[in-house]
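Take a look at the following structure, please.
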Amino acid sequence: MRRETIAIHGGFREDPVTKAVAVPIYQTASYAFDSADHGAALFNLEVDGFRYTRIGNPTNAVLEDRVAALEGGIGALSVACGQAAVNYAVINIAEMGTNIVSVPQLYGTTHTLFAHILPRQGITVRFSEDDRPASVEKLIDGDTRAVFCESVGNPAGNVCDVAAMAEVAHSHGVPLIVDNTVATPILLRPIEYGADVVVESLTKFMGGHGTTLGGIIVDGGKFPWAAQGRRFAMMSEPEKSYHGLVFTERYGAAAYIARCRAVSMRNSGAILAPVNAFLLLQGIETVALRVERHVENGEKVARFLRDDRRVAWVNYAGFHDSPYYTLTQKYLGGRACSLLTFGVAGGFEAGKRFYDALKLCKRLVNIGDAKSLACHPASTTHRQMSAEEQNKAGVRPEMIRLSVGIEHIDDIVTDLDQALNAAN
Ligand SMILES: *Cc1c(COP(=O)(O)O)cnc(C)c1O
């Protein structure tokens with residue numbers, strides 16, 4: 001099936017008992033065993049089935065299968081939000097005394113997790129100078145457990161060279177983890193370019209309506225965990241927290257996502273509520289259509305801003321003179337994301353006047369809603385960073401980030417126009 005069809009049908013067949021066509025919400029904590037032996041077999045992961053919703057739920061399973069199919073992976077784990085997905089994706093393979101290497105252009109909270117939280121747990125995060133694969137490669141050593149990047153950075157709007165990044169990681173025996181939140185699998189499937197693990201915040205374009213938090217981890221199923229000696233011992237040697245199970249032996253290609261569920265999720269429990277899985281599934285049904293309109297409106301807004309003397313600069317990967325133009329052609333089929341940044345002429349104070357004058361566009365810290373959204377990263381999402389860290393992450397003091405929605409383009413432009421007048 002094509003992505004437009006998977007988004008609507010993936011992972012679900014009409015319910016055999018009730019014939020329900022919509023995915024039922026299984027609002028249950030637990031599932032009955034046929035017998036003591038059946039319960040034991042479930043706990044030993046010897047048979048498939050559900051035990052307790054912290055480990056799996058049938059509604060969540062539809063979401064997991066649907067997004068895995070959209071991304072071209074072999075399995076997925078849904079979690080409470082995108083941040084939980086990033087955290088689990090890393091701690092599933094990194095532990096005290098090891099490191100990961102990350103590009104610097106990251107979502108603000110991911111940067112905080114990497115710079116301040118993981119190091120306290122003994123996992124060092126090495127930030128490369130920029131997003132060039134060669135800069136990342138310099139920092140990889142024998143203790144590295146993964147390379148991390150965002151396919152399209154939020155808010156920087158940079159487009160990573162995923163194939164080259166995967167090649168660098170693989171040549172050193174480590175997997176590539178890609179946050180695909182901004183691009184969505186409608187515009188880009190990182191696994192097709194060599195990524196091993198994909199994480200997404202489903203809160204954004206996938207859910208698409210700004211109502212529901214959710215996250216997902218997708219396993220590409222190709223990384224040879226057992227072939228790296230003891231580097232991924234948690235995958236290829238007996239797991240103490242699961243009475244000696246060896247994940248690569250039991251699950252083969254799906255070892256990573258099986259461990260993520262059975263170890264990370266089971267023991268620290270950032271589960272996605274089944275009702276939220278249902279709401280996200282409703283959003284995902286229209287993701288292909290919405291992304292198409294987001295892309296179209298994003299381009300029109302970028303052109304409007306660029307031709308305007310009240311605007312100092314516009315950062316939009318769809319412009320020929322953008323440093324990311326070529327990568328946008330290669331990875332996004334020329335469809336630059338509707339996330340763009342610009343500076344209002346007149347600096348910080350003019351930027352603030354512009355921001356306060358917006359009427360249709362909401363002032364908030366979200367992206368990927370049907371509604372047009374505006375954010376001032378320096379005072380919100382990225383305020384915990386030093387000026388130097390902000391600069392490396394692609395954040396400037398006067399910068400406004402727009403997530404262009406799917407309203408009528410004329411109404412969006414009218415709002416931006418009146419706010420630019422107010423700024424002047
Ligand atoms: C929003 C976002 C996250 C975090 O997702 P939540 O669902 O808010 O926890 C992670 N990465 C990127 C790129 C994001 O935009």
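Counting starts at 1 for both ligands and their atoms, following the listed order.
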Exercise: do Y316 and T341 side chains pair donor with acceptor under 3.5 Å | no
So, T144 and N99: side-chain donor and acceptor under 3.5 Å apart, yes or no?
-> yes
By number and element, which atoms of ligand 1 are closer than 4.0 Å to a non-hydrogen atom of Q83?
->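 Answer, ordered by atom number: 3 (C), 4 (C), 5 (O), 6 (P), 9 (O), 10 (C).
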The residue among L280, T181, V291, V67 that forms side chain to side chain contact (heavy atoms under 4.5 Å, CB included) with M206 is V67
Residue-ligand contact D179/ligand 1, heavy atom below 4.0 Å =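 D179 counts as a contact of ligand 1 under the 4.0 Å cut-off.
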Would you kindly say whether D196 and H170 are connected by a side-chain donor-acceptor distance under 3.5 Å?
->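 There is such a pair (donor and acceptor under 3.5 Å, judged by atom type) between the side chains of D196 and H170.
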Judged by modelled atom types alone, do D131 and Y324 share a side-chain donor-acceptor pair under 3.5 Å?
-> yes
Close approach, N154 and ligand 1, non-hydrogen under 4.0 angstrom |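 The answer is yes, since N154 has a heavy atom less than 4.0 Å from ligand 1.
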Contact atoms of ligand 1, heavy-atom distance to G82 under 4.0 Å =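 Numbered from 1, ligand 1 contributes 4 (C), 5 (O), 6 (P), 7 (O), 9 (O).
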Write out the residue and atom name of the closest protein heavy atom to atom 14 (C) of ligand 1, then the distance separating them to 0.1 Å.
-> K204 NZ, 3.0 Å
May I ask you to check if ligand 1 and T203 share an N or O to N or O distance below 3.5 Å?
-> yes
